[in-house]
Peer 1: 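Below: one structure in structure tokens.
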Amino acid sequence: MFRRPGRIDAYLARSVLLATLATWAVLLGFDLLTAMVNELDEVGEGGYTLSHAFLYTLYTLPRRAYELFPTTALIGTVLGLGGLAARSELTAMRAVGLSRLRIGLGALGSSGLLALLMVVNAETAAPAGEQQAQLVVNSAKAGDVVMARVSGLWAREGNLFLNARDGQRREADGESWTELQGVRLYEFDDGGRLLSLAQAQSAEHRDGQWRLKDVRRSRFGERSVEVETHASQAWTTALGDEVVSSAVARPRYLSSAELQRNISYLERNGLDAKAFENAYWARWFYPLNVVVLCLSALPFAFGSLRSGGFGKRLFIAIVIGIAYLLAQRLVVSLSDVYRFDARLAYLLPPLGLLAVCWGLFARRE
């Protein structure tokens, strides 16, 4: 049937690819449907309509595809190789001298390529889609307040324009607030003339109000400029914390370059950068997670179907995959508590799962 190993690799990769794409389509469809149903509860808030809800859900598609792919790859590998096992094709491959490991590695080709595609997606389409999704929500719900994420964070409230280089949600002692860095406030009159420009190192929203820090404000007259400085100054505005915080992307939705910039800023200022470090290293360990999850499916693809049935093996493989992802989250959370390196937290679960699966794989006849 096969004349050389290259054809076997292509056949295995195609079988797994078709099963993975089918599984991906089903899981992604359910996820998008659930997201759309959740957004329906927001319809009618401000100017938020059904079309806005649809656009928001559509823009989040790249991010949802990225998050679902590890689980999808596991199920697709089990289904693809399981189908070959049910037709005794894996037995035929073994009969011509191919080892189980050789067959398994051949089946990983398509999953590896898709994992690399998802890494590119996480650096390009996913962050851009999230920014557009938040723009749709904020522009529809905020009335005369217009939000955008171009050259940082932009907001408009009447004749006042806000630009911030970046922003994060902070948490400490049970309190949560929004903090913006590199803030500029441009105030215009009705004719479009610039009245004042305020530059602040940061802005925080606490106790129901905004406060600017290290402020330098320039007021422009007809023939003069007045400059004043303040260590701290209250900022009265209708621009609520809930609007700005929704426009500030979560760390896991940022690109690696944006994460690295935030980490550098926080470390320079002696602030906690753990959340951004976790998101940053999760991006780099993503391909390893996909490969390990696919390898964990191999012990369940070989052997007689009479030993428990394919459905049982599929169920066990999925349980192992879900348990692995939960265990990884637990170890990462422990790294936050005990302050050990996030790279170690992302490395220990794959090594543990590889050891377990290798033991199961070696015991298969």
Side-chain angles (χ1 to χ4, degrees), residues 1-34 58 61-96 98-122 125-126 286-305 308-322 324-325 353 357 360-361 364:
M1 181 177 180
F2 302 104
R3 296 183 178 178
R4 61 178 185 270
R7 293 187 178 181
I8 296 179
D9 292 335
Y11 183 73
L12 288 167
R14 184 173 67 87
S15 300
V16 172
L17 176 63
L18 293 176
T20 300
L21 292 178
T23 304
W24 210 356
V26 172
L27 294 181
L28 193 56
F30 277 118
D31 191 40
L32 289 172
L33 181 61
T34 301
L58 186 63
L61 176 60
R63 187 258 299 173
R64 296 177 188 279
Y66 173 83
E67 293 178 342
L68 284 173
F69 180 68
T71 304
T72 299
L74 169 64
I75 298 175
T77 302
V78 174
L79 291 175
L81 293 180
L84 297 178
R87 298 190 297 271
S88 300
E89 293 183 66
L90 294 185
T91 302
M93 295 177 191
R94 294 290 310 281
V96 298
L98 293 179
S99 66
R100 289 170 295 172
L101 181 60
R102 173 72 175 75
I103 295 173
L105 293 178
L108 291 179
S110 58
S111 297
L113 290 176
L114 289 176
L116 293 177
L117 179 62
M118 285 297 99
V119 170
V120 175
N121 170 48
Y286 182 87
L288 178 61
N289 286 333
V290 173
V291 171
V292 169
L293 283 172
C294 291
L295 288 174
S296 70
L298 298 184
F300 305 96
F302 297 92
S304 172
L305 292 177
F310 175 67
K312 176 182 176 180
R313 285 188 279 167
L314 175 62
F315 174 77
I316 295 175
I318 294 174
V319 169
I320 289 178
I322 294 175
Y324 166 77
L325 295 176
L353 183 59
C357 292
L360 293 173
F361 192 72
R364 292 282 181 183

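Owing to the predicted nature of the structure, the values given are computational and were not obtained by experimental measurement. Just so you know, these numbers use all the heavy atoms, side chains as well, and skip hydrogens, waters and symmetry mates.
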Peer 1: Just how far is it from atom OG1 of T72 to atom CG of L293, taken to the nearest 0.5 Å?
Peer 2: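 Taking OG1 in T72 and CG in L293, the distance rounds to 10.5 Å.
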Peer 1: So do the side chains of M93 and L12 get within less than 4.5 Å of each other, counting heavy atoms only?
Peer 2: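 They are in contact (side-chain heavy atoms under 4.5 Å apart), so the answer is yes.
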Peer 1: Determine, step by step, whether N289 and L325 satisfy the side chain to side chain contact (heavy atoms under 4.5 Å, CB included) criterion, reporting the C-alpha distance in whole Å, the side-chain angles of both residues, the deciding distance to 0.1 Å, and the verdict.
Peer 2: CA-CA 9 Å; N289 286 333; L325 295 176; 5.7 Å; no
Peer 1: Do you know which two heavy atoms are closest between L84 and S15, and how far apart they sit?
Peer 2: CD2-OG, 3.8 Å
Peer 1: Please name the pair of heavy atoms, one in S296 and one in L353, separated by the smallest distance, quoted to 0.1 Å.
Peer 2: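 Smallest interatomic distance, heavy atoms only, reads CB-CD2, 4.1 Å.
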Peer 1: Side chains of T77 and L295: closer than 4.5 Å at any heavy-atom pair?
Peer 2: no
Peer 1: In the structure I gave you, are the side-chain heavy atoms of I103 and I8 within less than 4.5 Å of one another anywhere?
Peer 2: no
Peer 1: Suppose the criterion is ring pair (Phe, Tyr, Trp, His ring centres under 6.0 Å): which pairs have a residue in residues 65-91, not counting sequence neighbours?
Peer 2: W24-F69, Y66-Y286
Peer 1: Just wondering, do V290 and C294 contact through their side chains at under 4.5 Å, heavy atoms?
Peer 2: yes
Peer 1: Kindly compute the distance separating OG1 (T23) from CD1 (I75), expressed to the nearest 0.5 Å.
Peer 2: 6.0 Å
Peer 1: Show me, pair by pair, the donor-acceptor contacts under 3.5 angstrom made by side chains of residues 107-122, not counting sequence neighbours?
Peer 2:
{"from": "S110", "atom 1": "OG", "to": "A13", "atom 2": "O", "distance (Å)": "3.2"}
{"from": "N121", "atom 1": "ND2", "to": "P62", "atom 2": "O", "distance (Å)": "2.9"}

Peer 1: Taking the side chain as every heavy atom from C-beta outward, state whether L105 and D9 have any pair of such atoms under 4.5 Å apart.
Peer 2: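 Heavy-atom side-chain distance check fails, nothing below 4.5 Å.
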Peer 1: OG1/T20 to CG/L74 distance, rounded to the nearest 0.5 angstrom?
Peer 2: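 Separation between the atoms: 9.5 Å.
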